[in-house]
Amino acid sequence: MAYDHLSVEPRWQKYWEDNECFVAKRREGHPKYYVLDMFPYPSGSGLHVGHPEGYTATDIVARHKRMQGYDVLHPMGWDAFGLPAEQHAINTGTHPRETTANNVKTFRTQLKSLGFSYDWSREVDTTEPKYVRWTQWIFLKLFNSGLAFQSEIPVNWCPVLGTVLANEEVIDGLSERGGHPVVRQPVRQWQLKITEYADQLAADLEPLNWPDTKQKQREWIGRSEGAEVEFPVVGGDKKLKVYTTRPDTLFGATYMVIAPDHKMTLDICSSEQREEVKTYAEAAARKSDLERTSLGKEKSGIFTGAHATNPLTGKEVPIYTADYVLGAYGTGAIMAVPAHDTRDFEFAQAFDLAIVPVVSADGKAPDEPLTEAFADHGIALNSGKFDGLKTADFKSQIIDYLEAEGIGCRKVNYKLRDWLFSRQRYWGEPIPVYFPVECDGDPRTGAEAKIDYQTPIAVDESELPLLLPELEDYHPGDPQGPLSRALEWRYFQKDGKWFARETNTMPQWAGSCWYYLRYLDPQNETEIFSEEAYDAWMPVDLYMGGAEHAVLHLLYARFWHKVLFDAGVVKHAEPFTQLVHQGMILGQSHRYYAVVDDDGKELERLDGDHEDVVPDKEQGGFVRPSTGHKVEARWLNDNIDWKGGEAHEPESGVKLAIISEKMSKARGNVVNPDDVVAEYGADSLRVYEMFMGPLEQVKPWQTNGLAGVRRFLDKVDKVARKELGADSDDETNKLLHRTVKKVGEDIEQMRFNTAVSTMMIFTNHLIGLKTPPPKEAVEKLLLLVSPFAPHLAEELWELLGHPPSISAESWPSFDAALCVDDVVEIPLQVNGKVRGRVSLAKTADEATAKAAAMDIEKVRALVEGKTLRKIVYVPGRILNFIVS
RNA sequence: GCCCAGGUGGCGGAAUUGGCAGACGCGCUGGCUUCAGGUGCCAGUGUUGGAAACGACGUGCCGGUUCGAGUCCGGCCCUGGGCACCA
């Protein structure tokens with residue numbers, strides 16, 4: 001390797017820091033650009049190579065924008081509350097604050113070693129009191145506007161984690177973090193009324209420059225339009241209200257279903273059915289999502305004994321209760337139209353209920369009984385005076401009719417639920433609320449205290465931040481959380497009365513909901529940020545981060561932003577103008593198979609992609625079908641025997657299969673950026689990560705590729721150290737201007753991979769010149785390279801006699817006239833097949849082109865003597881002779 | 001099941017949006033340099049037939065539009081991601 005990255009890189013990192021090169025400042029007459037990375041959770045295992053991918057991309061954009069004259073805000077911080085540090089505290093007794101501080105230190109050092117142009121003076125840490133203060137301040141805004149409320153609802157309780165999880169944190173009945181089982185259990189909770197903003201959250205997505213994430217959020221919000229209709233319950237004056245998006249199928253409603261947890265379920269059921277219904281409802285309440293989804297493929301349910309009257313047909317229909325109807329959505333009850341709803345169809349078949357078609361493609365009754373639900377739109381039948389209407393017309397007419405008759409109304413519904421905001425853990429922001437206490441004596445010394453949770457009182461703004469108490473024991477498990485044990489902290493007296501603090505804490509999402517705002521003015525002690533700072537930088541122009549945050553973080557943050565907007569704290573309805581998700585980087589590992597006998601003794605080794613090995617679906621692992629032997633997958637990452645371009649296991653010589661999958665310690669395929677920086681340098685890592693492929697795509701890490709990138713940087717170094725010339729030949733000059741053009745365009749469109757290859761091509765050209773490379777060309781190359789490989793660019797820029805820093809130079813311009821060719825080589829086709837090439841002026845007319853083509857012997861041979869049917873000539877593109 | 005994204009050499013990936021498929025990089029082969037090479041340089045490298053000139057085939061599969069399709073249209077298969085009783 002030609003240059004010593006170990007001395008070059010730290011030198012320039014120190015220079016940037018000492019000279020405050022990247023401190024964000026606004027200047028008169030310069031446009032602003034706010035480029036934001038999703039800040040990391042500082043985990044104990046440090047940075048992995050996935051982090052620098054997005055960070056390098058944004059750093060290139062930031063450096064490029066600065067060179068274009070923008071004032072750039074490019075900050076970094078720490079999302080430092082979270083379970084791992086608390087788990088560590090439970091295991092070792094180390095305070096999470098200490099663990100967190102250590103991890104932050106590691107992360108900061110690692111990020112600095114990669115040469116990112118962050119304004120480190122704006123670093124934020126969500127766990128610091130001066131940050132927590134404003135998180136709590138926002139909570140008070142939510143609380144005071146009625147958007148934060150308590151409820152006692154069945155929640156996702158995870159016994160292993162000892163906490164409640166949001167719906168979004170539960171995947172297939174297991175916790176998103178850790179994969180522990182989750183059960184339903186009623187616990188007192190704080191919730192945030194995100195549903196109040198459902199409409200705005202969906203509608204305001206429209207103008208944003210976001211990828212598919214917009215659609216994901218829309219689906220998550222799940223807006224639907226329909227009608228609410230009341231069905232009178234037979235015998236009594238009760239009415240059962242249902243929500244439907246297909247009011248046009250009212251005539252086909254042959255039964256009803258009420259959710260087991262609906263508050264009317266036990267009221268309406270007949271006395272004979274009461275016991276059975278009660279048993280069913282209790283069982284349904286205990287069912288976790290896992291049981292409901294994986295075991296609940298077969299529809300279950302039970303007849304309540306009650307009937308209701310279809311308000312249109314006047315016919316009586318039975319009312320069932322079944323857990324396929326959710327209590328929390330719509331009205332918690334449905335009219336079932338088995339002919340036109342898949343779920344109702346399945347239920348009707350299982351319980352032998354009537355299936356009456358009221359829609360068909362042509363408006364005629366089907367000849368045969370339906371074998372599946374017809375859920376499409378069509379033309380109405382069996383619907384009285386509405387027969388013959390198209391579904392869409394029927395819908396609007398029937399709703400008008402329902403409203404006129406007073407039996408129903410137009411209604412919009414959302415899948416989105418209110419956000420479960422409390423966690424029964426220690427390492428989070430305390431919720432700044434307290435409650436009155438009835439108590440004889442001092443509750444801090446064990447006197448029994450009766451806490452009135454009905455009357456929450458907000459902590460006064462002047463008392464913020466409300467900080468966490470010190471604890472001996474961080475174990476969770478109590479539904480009130482570990483803070484309930486900090487009696488001295490929990491109970492306090494005011495005006496002679498006792499009060500108890502809220503012992504739940506906020507979820508990790510809280511701090512990340514607004515950190516982009518604190519970067520604006522991180523040291524402000526009197527305001528969350530100054531108006532001046534806000535006006536200087538907001539909104540965020542580019543937000544980069546993983547697609548795994550497409551819904552949760554990005555929806556929560558938008559919700560808080562809208563609350564702050566309505567409170568007059570921020571001035572834009574949306575915080576993030578453009579959003580980009582970098583693709584995951586996969587690790588590579590090498591697999592072979594070991595055939596084992598029943599005792600686990602190894603019998604034989606097989607190639608890692610051996611055809612006679614298939615996954616064992618029943619027992620897990622693998623099996624060899626031809627012999628029935630059990631097979632184990634074995635993984636190898638060191639001591640690989642490479643021969644003929646293939647990987648082999650050194651002992652047996654079997655071929656290793658190369659497997660790309662998410663990096664994990666278990667698989668041993670984690671690449672540590674520190675190692676890469678030490679061996680190849682930060683510039684190589686940065687350029688490699690950009691060169692791997694399109695930014696947003698999932699890409700496998702291949703360490704070999706690093707060497708190629710490093711060779712490129714060495715060539716840049718080599719060419720800059722050559723004797724340079726004053727004059728440029730035309731070809732070099734043309735290529736220079738085209739390179740400048742393409743690299744600039746590629747950065748703007750975030751096509752960094754092709755930007756790198758363009759610079760490689762130009763560098764290869766300069767290296768290959770027989771004459772001294774032109775100084776101008778080399779200098780412009782360095783300017784182009786500088787956002788990608790800033791350390792090397794600085795070093796060589798100085799070498800060429802310029803004062804530092806290259807990051808303060810202007811982005812080079814290009815001459816558009818030099819980027820187009822007057823004369824181009826165009827392919828000559830005969831019957832669509834390329835048979836030759838000829839250089840032609842772009843403006844050449846067809847006759848000239850034809851004459852030139854006929855000079856090419858091969859073309860002439862194929863054309864002469866045949867009937868020329870047609871000539872297709874696109875100047876500057878192609879000439880095609882059609883002959884027969 | 002539904003909704004997105006994507007299938008191009010041995011590998012990562014290019015392809016000005018309908019006009020020379022495989023840029024750039026890795027790997028591999030041969031050569032030069034070297035006491036030596038896990039270095040550097042030069043040449044070659046889609047498959048196939050051929051000694052060669054040259055020819056045929058080739059962008060997941062089937063069909064279509066077009067002078068011309070990786071690119072457009074219809075159908076299907078596969079991979080990755082998201083959602084999943086939301087009435």
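Residue numbering restarts at 1 for every chain, and letters A, B, ... go by the order of the sequence lines. Keep in mind that the numbers below use all heavy atoms, side chains included, and drop hydrogens, waters and symmetry copies.
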Choosing from [options], which nucleotide comes nearest the side chain of [X]?
X	options	answer
A/Phe691	B/rC26, B/rA87, B/rG25	B/rG25
A/Asn880	B/rG68, B/rA14, B/rA87	B/rG68
A/Glu825	B/rA14, B/rC67, B/rC20	B/rC20
A/Asp212	B/rC20, B/rC4, B/rG13	B/rC4
A/Tyr329	B/rC20, B/rA87, B/rG13	B/rA87
A/Arg877	B/rG25, B/rC20, B/rG19	B/rG19
A/Asp341	B/rA15, B/rG12, B/rA87	B/rA87
A/Lys833	B/rC57, B/rG19, B/rC11	B/rC57
A/Gln697	B/rC67, B/rG13, B/rA87	B/rG13
A/Gln829	B/rG25, B/rG19, B/rC85	B/rG19

Can a donor-acceptor pair be found between the side chains of [X] and [Y] at a distance below 3.5 Å?
X	Y	result
A/Tyr414	A/Ser224	no
A/Asp344	A/Tyr324	yes
A/Thr213	A/His581	yes

Could you state the atom-to-atom distance from [atom1] of [X] to [atom2] of [N] in whole Å?
X	N	atom1	atom2	value
A/Asn764	B/rC26	CG	C1'	14 Å
A/Asp821	B/rU16	CG	P	17 Å
A/Leu828	B/rG68	CG	C1'	14 Å
A/Lys299	B/rC85	NZ	P	9 Å
A/Arg738	B/rA23	CZ	C1'	15 Å
A/Ile761	B/rA23	CD1	C1'	6 Å
A/Arg835	B/rC20	CZ	P	16 Å
A/Asn704	B/rC26	CG	P	9 Å

Taking any heavy-atom pair under 4.0 Å as a contact, classify [X]: base, sugar-phosphate, or nothing.
X	result
A/Arg869	nothing
A/Ile334	base
A/Ser224	sugar-phosphate
A/Gln215	nothing
A/Asn753	sugar-phosphate

- Could you give me the CA-CA distance, side-chain angles and deciding distance for A/Gln588 and A/Ile659, then say whether side chain to side chain contact (heavy atoms under 4.5 Å, CB included) is met? CA-CA 6 Å; A/Gln588 264 193 357; A/Ile659 309 290; over 6 Å; no
Counting only heavy atoms not in [X], do more than 12 fall under 6.0 Å of its [atom1]?
X	atom1	result
A/Glu745	CD	yes
A/Lys699	NZ	yes
A/Lys239	NZ	no
A/Glu825	CD	yes
A/Lys722	NZ	yes

Can you tell me how far [atom1] in [N] sits from the matching atom in [M], rounded to whole Å?
N	M	atom1	result
B/rU71	B/rU8	C1'	12 Å
B/rG63	B/rC57	P	15 Å
B/rG58	B/rC73	C1'	22 Å
B/rU45	B/rA23	C1'	15 Å
B/rC26	B/rU39	P	12 Å
B/rU65	B/rU48	P	33 Å
B/rG7	B/rG13	C1'	13 Å
B/rA21	B/rG55	P	14 Å

- Query: Can you tell me how far the CZ atom of A/Phe374 sits from the OG1 atom of A/Thr342, to the nearest 0.5 Å?
  - Reply: 12.0 Å
Atom pairs under 3.5 Å: protein N/O with N/O of nucleotides 70-73 of chain B:
none

Name all residues meeting the ring pair (Phe, Tyr, Trp, His ring centres under 6.0 Å) criterion together with [X]; count only those two or more places apart in sequence or in a different chain, and write none if there are none.
X	answer
A/Trp701	A/Tyr688
A/Tyr329	none
A/Phe231	none

- Identify whether NZ of Lys or CZ of Arg in A/Arg835 sits under 6.0 Å from the centre of the six-membered ring of A/Phe881 and within 45° of that ring's axis. no
- Using heavy atoms to find the nearest nucleotide of RNA chain B for A/Val872 and A/Arg837 separately, return the residue whose nucleotide is more 5′. A/Arg837
- Query: Of A/Gly222 and A/Arg711, whose nearest nucleotide on RNA chain B comes first from the 5' end?
  - Reply: A/Arg711
- Message: Between A/Tyr255 and A/Phe347 (judged by ring centroids, cut-off 6.0 Å), do the two rings come close enough to count as a pair?
- Response: yes
- Message: In this structure, which stretches of RNA chain B are paired as stems of three or more consecutive Watson-Crick or G-U pairs, both distances less than 3.5 Å?
- Response: B:1-7 with B:77-83, B:10-12 with B:24-26, B:27-32 with B:40-45, B:46-49 with B:54-57, B:60-64 with B:72-76
- Syn or anti for B/rG50, taking syn as within 90° of 0? anti
- Message: As a test of the definition: with a 90° window around 0 for syn, would you call B/rU34 syn or anti?
- Response: anti
- Message: It should be established whether A/Lys870 places a side-chain nitrogen or oxygen under 4.0 Å from OP1 or OP2 of nucleotide B/rC67.
- Response: yes
Any N/O pairs under 3.5 Å between the protein and nucleotides 74-82 of chain B? List them or say none.
none

